[in-house]
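A quick write-up on the structure given underneath.
Order of the sequence lines fixes the chain letters, A, B, ..., with proteins taken first and strands second; residue numbering starts at 1 for each chain.
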There are 2 protein chains.
Amino acid sequence: MATTDANVRSTAGRLRVAVPSVAERVADELRRQLAEGALLPGARLTESTIAEDLGVSRNTVREAFAELASERLVVRHPNRGVFVASLEAGDVHDVYTVRRAIEVSSLRAGGAPEGVAAVRAAVEEGKRAAAAGDEDAIGTANQHFHGAIVALAGSRRLNSMMAQVLAEMRLFFHKATVDAHFYQHYLRDNEEICEALEAGEPDRAADLLLAYLDRSEDRMADVHGEGGTA
Amino acid sequence: MATTDANVRSTAGRLRVAVPSVAERVADELRRQLAEGALLPGARLTESTIAEDLGVSRNTVREAFAELASERLVVRHPNRGVFVASLEAGDVHDVYTVRRAIEVSSLRAGGAPEGVAAVRAAVEEGKRAAAAGDEDAIGTANQHFHGAIVALAGSRRLNSMMAQVLAEMRLFFHKATVDAHFYQHYLRDNEEICEALEAGEPDRAADLLLAYLDRSEDRMADVHGEGGTA
DNA sequence: AAGTAGCGATTGTTCAACAATCCTTCGATT
DNA sequence: AATCGAAGGATTGTTGAACAATCGCTACTT
């Protein structure tokens, strides 16, 4: 999900099934471990250890690190190693600033019917997850919802930027474990936003989303114990 | 400008003057060559050649390539090599979609007085360049203008995203050489946007910017010979 | 002329080595 | 006793060489 369109490559017009390079597979594996919380923010990633564990060369691990660093999932400290990124005080606001820019703009564009359907699907997915009481699934559905909103704009670059930000947030959630009721408020909001969108009122939907993001940021800042204003 | 905050690194609280790694210097050198048009879109970059030219290892060149690829300045074709990226049909619209999202949102935020001053400075820089008839300087000033707008939001991530997009556009300009009058229309717009911002009317400024970006995209699509709608 | 096998070149990946740098531990000094 | 500084060990940064895999092209065959 992080490298959405990396599975199919075009080579001089002909489509090929890509055999992901070793470095990419290493990056994928690390991304997976990061996403599911096996590697917690602040943890150190030693080149030789990972190289040995995954049975690849140190050099290849290095390339994977470069990729993850460019996605801000890990941080390089020169001559000291790479560490799992952890969102600090200002980062929460920073991330939400990006989300406001990307999501609101995408939503305001309206988008094609199939895009709107994807948003609706994510809303329903969230409802089902809530009914089943599956917290993780609610979180996943929520990310799908916001991903679907950005997808409305139909921009490759915007999509990958959003995917990156969502990956960062996933990281953050593992650091500060969120309580069961964290998402519940959002389900209603998602429904409302989706309805406005379906009703052909993207501007109203965008306003709702903006308010939603502001509230979400406040809540997130509380959980993270963020101080005052930047 | 592409790796804005890469020159100062924090190591456990103490600030250090970073000695850029060899890989970073290689990436910087390539970025420079890309920015000034020494490497044109579509050109192939051979690992061994560059390694020899710059007196570094092939492996190091590889790391630099990974960095540039993550910035979309070069494209990797597996087993075939890396090529200078070239914006194709849909990319122009895609890039402008990103710019609309980031710039408009940043501008609407208003920003601190020193941020507004930076925008004004970029406007004046553009005027001086126009008076001197220096085309390149006009383009540079224009990029400063838009960079300053995004800086209003005060978001590290938004800034680096914008820097990336601007680097991509610089690349594009080298492919389709722009005529002397291309920027001239923009100077007045920049002035107008800046005035609205200074007058404390960020929303009006944002609307002006949006119209500006739409016109700019059309013009760019013409130059590039882009067909119809995506 | 069209298809195919083989060749050369380049990339992808590994391995081993070494310098540079950092953290820690230990010891010396005040 | 606390502070400062000097080895020591570990890890990163970078290099160089090697080899398999893959690609594009050429020359050969039919």
Side-chain angles (χ1 to χ4, degrees), chain A residues 3 6-31 39 42-70 73-85, chain B residues 3 6-31 39 42-70 73-85:
Chain A
T3 56
N7 290 341
V8 172
R9 290 264 177 61
S10 67
T11 299
R14 188 181 307 174
L15 280 176
R16 292 204 40 186
V17 180
V19 178
S21 78
V22 177
E24 272 178 74
R25 269 176 306 184
V26 171
D28 281 344
E29 171 62 17
L30 291 176
R31 258 190 288 262
L39 295 172
R44 180 175 185 178
L45 301 179
T46 308
E47 291 182 358
S48 49
T49 303
I50 293 180
E52 209 169 320
D53 286 357
L54 301 182
V56 300
S57 163
R58 235 187 85 205
N59 241 319
T60 302
V61 173
R62 216 143 212 294
E63 279 200 40
F65 280 173
E67 196 172 328
L68 296 178
S70 81
L73 293 181
V74 302
V75 178
R76 279 192 117 114
H77 288 240
N79 290 316
R80 299 200 13 136
V82 316
F83 300 80
V84 178
Chain B
T3 55
N7 290 341
V8 172
R9 290 261 177 63
S10 69
T11 299
R14 188 180 307 174
L15 280 176
R16 290 204 41 187
V17 180
V19 178
S21 78
V22 177
E24 271 178 74
R25 270 176 306 185
V26 171
D28 280 345
E29 171 62 18
L30 291 176
R31 257 190 290 261
L39 295 172
R44 180 175 186 178
L45 301 179
T46 307
E47 291 182 359
S48 48
T49 303
I50 293 181
E52 209 169 320
D53 286 356
L54 300 182
V56 299
S57 163
R58 237 188 82 206
N59 241 322
T60 302
V61 173
R62 217 143 213 294
E63 280 201 40
F65 279 173
E67 196 172 327
L68 296 177
S70 81
L73 293 181
V74 302
V75 177
R76 279 193 119 113
H77 288 242
N79 290 315
R80 298 202 15 139
V82 316
F83 301 80
V84 179

Do NZ/NE/NH1/NH2 and the carboxylate oxygens of Glu67(A) and Arg31(A) come within less than 4.0 Å?
-> yes

Between Leu54(B) and Glu29(B), is any pair of side-chain heavy atoms under 4.5 Å apart?
-> yes

Output for pair (Asn59(B) CG, Asn59(A) CG), nearest 0.5 Å, gives 4.0 Å

Which residues in residues 57-66 of chain B have at least one heavy atom lying under 4.0 Å from any atom of DNA chain D?
-> Ser57(B), Arg58(B), Asn59(B), Thr60(B)

Nearest 0.5 Å please: distance from the CZ atom of Arg58(A) over to the CZ atom of Phe65(A).
-> 10.5 Å

Lys/Arg-Asp/Glu bridge criterion (N-O < 4.0 Å) met for Asp28(B), Arg25(B) = no

d(CD1, Ile50(A); C1', dT14(C)) in whole Å = 18 Å

Could you list the protein-to-nucleotides 6-11 of chain D atom pairs, N/O on both sides, closer than 3.5 Å?
residue : atom : partner  : partner atom : Å
dT11(D) : O3'  : Arg44(A) : NH2          : 3.2

Just by distance, do the side chain of Thr46(B) and the backbone of Thr49(B) share a donor-acceptor pair under 3.5 Å?
-> no

Whole-Å distance separating the CZ atom of Arg76(A) from the C1' atom of dG13(D) = 9 Å

Do Leu39(B) and Val74(B) touch side chain to side chain, with heavy atoms closer than 4.5 Å?
-> no

Between CD on residue Glu47(B) and CD on residue Glu52(B), distance to nearest 0.5 Å = 13.5 Å

